[in-house]
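Below is one structure, written out as structure tokens; the observations come after it.
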Protein chains: 2
Amino acid sequence: MELSSPFPMEAVAIEKQTLHDQVANRIRDLIIEGHLAPGTRIDETMLVEQLGVSRTPFREALRTLAAEGLIIIRPSKGSIVRKLTPQDVFSMLELLAHLEKLAGRLICERASDAQIDGLLKLHEEMLKRYREGDRLPYYKLNQEFHSRVSELAGNESLRDVQANIQARLKRIRFLGNSKPAYWDSAVAEHEQMAAALRKRDGEALGQVMAQHLMNTWDRVKDHI
Amino acid sequence: MELSSPFPMEAVAIEKQTLHDQVANRIRDLIIEGHLAPGTRIDETMLVEQLGVSRTPFREALRTLAAEGLIIIRPSKGSIVRKLTPQDVFSMLELLAHLEKLAGRLICERASDAQIDGLLKLHEEMLKRYREGDRLPYYKLNQEFHSRVSELAGNESLRDVQANIQARLKRIRFLGNSKPAYWDSAVAEHEQMAAALRKRDGEALGQVMAQHLMNTWDRVKDHI
DNA sequence: ATTGTATATTTTGTATACAAAATAAGGAAT
DNA sequence: ATTCCTTATTTTGTATACAAAATATACAAT
């Protein structure tokens, strides 16, 4: 069923940022870093004041964030930071599992040796952080690893969807790494990924990645 | 690897529409129905006049559409209707193939008999239109069929992503049904889906659906 | 004719102002 | 005290106004 992608990859141009974009980024960070907790009402007057912009770009930013699924706009009743139900998280992880399974298979077919090498380097970095017990850097490298796998799969839509879901799950997954035992098992799974990568065994890689994501459900489900 | 979803399905409330939403819907229709061709610049002054709204809700609608991938906002240079490159379409179909493969597997596990029956009824409807040569109604039922498969898979994220991609491909897929031979083969594939559905054979259903989508690439690729 | 440059016009981005809706506050009646 | 209703106050939605940027136009110099 698989077709090898008939298109090469290409670079993207850098665009200038409008106020709207900056505001969207700022709010996104506030949400992801937990300064705006899920369920919190988004106080326009306050935030507009705090960010020093007028309501027009601010509200445009809200539309963007709503479309991304980070907030919910209730007509005439204000916006709130979206609170993920267990159902939401499960469905996102289930989907992500399949997306990354696909990505895993595809990179083994499509990525260059150098690119695979880059992934393995990233993996080594992660291991180092793990051994030294540096949770935050590990976490960031982990995000980077998964993003890059999706990136290198050579399917832009896949990358976009993965990025969106990963962003929305960011906070929750961070919490999931709290228990040491959880971290150990996650690292073990990453070791398996690295092994599959070295062999360019797409089937195995996909399998491990999917399993990894479904295990993530077990690791995070009590934190919701 | 598969877990059966630990959550039941539930109904959703109906929300009132803001002006912004109405405008977004209107423009979406204009794009999907081809009144605003891909690549076309979106003339704010003209459309705002035509729709009888001010620029504020109009521009908010643009943000929403941009987040959905239907238009592209180039800062200070206006918005254009997004033109899909062959790469874009391929990547969307490749992804869609995997999403619907997953959906096919899941409905066989999770959907009720009545729901599967509903799908088969829809299929019969489609056949009738096919035999009578009514392309447009067939096309609409087809969209409905694929949407409902994703709906019944019981994974909200999957449904959302499928809906988004399907919407963006709407026009192009319509064009793909032009040649009679193409239509014949698409219907043949749908017959296979129905057969798998009747047996609740998720593996087979997923397989056919994925194949169906990859064949769609062949059916549409010359229309881009 | 072509290129370049200066000026006018249009288009886009943001702020403010006003209207409508929702929420909160203040009593009166039970 | 609790419920209901009425009236402020706040919050949200939309329109308009102004600023900045981009594009088009006109004209001169080569």
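Chain letters run A, B, ... following the sequence lines, proteins first and then strands; every chain starts at 1.
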Worksheet item: Do the numbers put A:Arg135 on top of the ring of A:Phe174, so that NZ or CZ is under 6.0 Å from the six-membered ring centre and no more than 45° off the axis?
Response: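 Yes - A:Arg135 lies over the ring of A:Phe174, closer than 6.0 Å to its centre and within 45° of its axis.
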Discussion item. Nearest heavy atom decides the nucleotide; on that basis, is B:Pro57 or A:Glu44 closer to the 5' end of DNA chain D?
Written reply: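 The residue mapped nearer the 5' terminus is A:Glu44.
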Could you tell me the separation between the [atom1] atom of [X] and the [atom2] atom of [N], rounded to a whole number of Å?
X: B:Phe58; N: C:dT14; atom1: CZ; atom2: C1'; result: 17 Å
X: B:His20; N: D:dT12; atom1: NE2; atom2: C1'; result: 14 Å
X: B:Arg74; N: D:dA21; atom1: CZ; atom2: P; result: 18 Å
X: A:Leu51; N: C:dA15; atom1: CG; atom2: C1'; result: 15 Å
X: B:Glu60; N: C:dT14; atom1: CD; atom2: P; result: 13 Å
X: B:Ile42; N: C:dT11; atom1: CD1; atom2: P; result: 14 Å
X: A:Leu19; N: D:dC18; atom1: CG; atom2: P; result: 20 Å
X: A:Glu49; N: D:dT10; atom1: CD; atom2: P; result: 15 Å

Looking at [options], which one has an atom nearest to any side-chain atom of [X]?
X: A:Lys77; options: D:dT23, C:dT14, C:dA22; value: C:dA22
X: A:Val53; options: D:dA15, C:dA15, D:dT14; value: C:dA15
X: B:Arg41; options: D:dA15, C:dT14, C:dT12; value: C:dT12
X: B:Ser76; options: C:dT14, D:dA22, D:dA15; value: D:dA22

Fill in: Exam field: side chain B:Thr40 to backbone B:Leu36, donor-acceptor pair closer than 3.5 Å
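No, because the side chain of B:Thr40 does not come within donor-acceptor range (under 3.5 Å) of the backbone of B:Leu36.
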Worksheet item: Do the side chain of A:Asp134 and the main chain of A:Pro137 share a donor and acceptor less than 3.5 angstrom apart?
Response: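 Checked: no pair found.
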Practice prompt. Respond yes when some side-chain nitrogen or oxygen of B:Ser54 is under 4.0 Å from OP1 or OP2 of D:dA15, and no when none is.
Written response: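 For B:Ser54, the contact criterion (side-chain N or O under 4.0 Å from OP1 or OP2 of D:dA15) is met.
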Item to complete: Between A:Arg55 and B:Arg55, name the one whose nearest nucleotide on DNA chain C is closer to the 5' end.
Response: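 Looking at DNA chain C, the more 5' nearest nucleotide goes with B:Arg55.
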Worksheet item: If you pin B:Arg63 and B:Thr45 to their nearest nucleotides in DNA chain C, which one's is more 5'?
Response: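 Of the two residues, B:Thr45 wins.
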Worksheet item: Is any side-chain N or O of A:Thr56 under 3.5 Å from a base N or O of C:dA15, one able to act as donor and the other as acceptor?
Response: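 Yes, the side chain and the base share a sub-3.5 Å donor-acceptor pair.
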Fill in: Other residues, nucleotides, ligands: >12 heavy atoms within 6.0 Å of A:Arg26 CZ
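For A:Arg26, atom CZ is not crowded (no more than 12 foreign heavy atoms under 6.0 Å).
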Discussion item. Within this structure, what is the NE2-CG distance for the pair A:His190 and A:Leu122, rounded to the nearest 0.5 Å?
Written reply: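 CG of A:Leu122 is found 9.5 Å from NE2 of A:His190.
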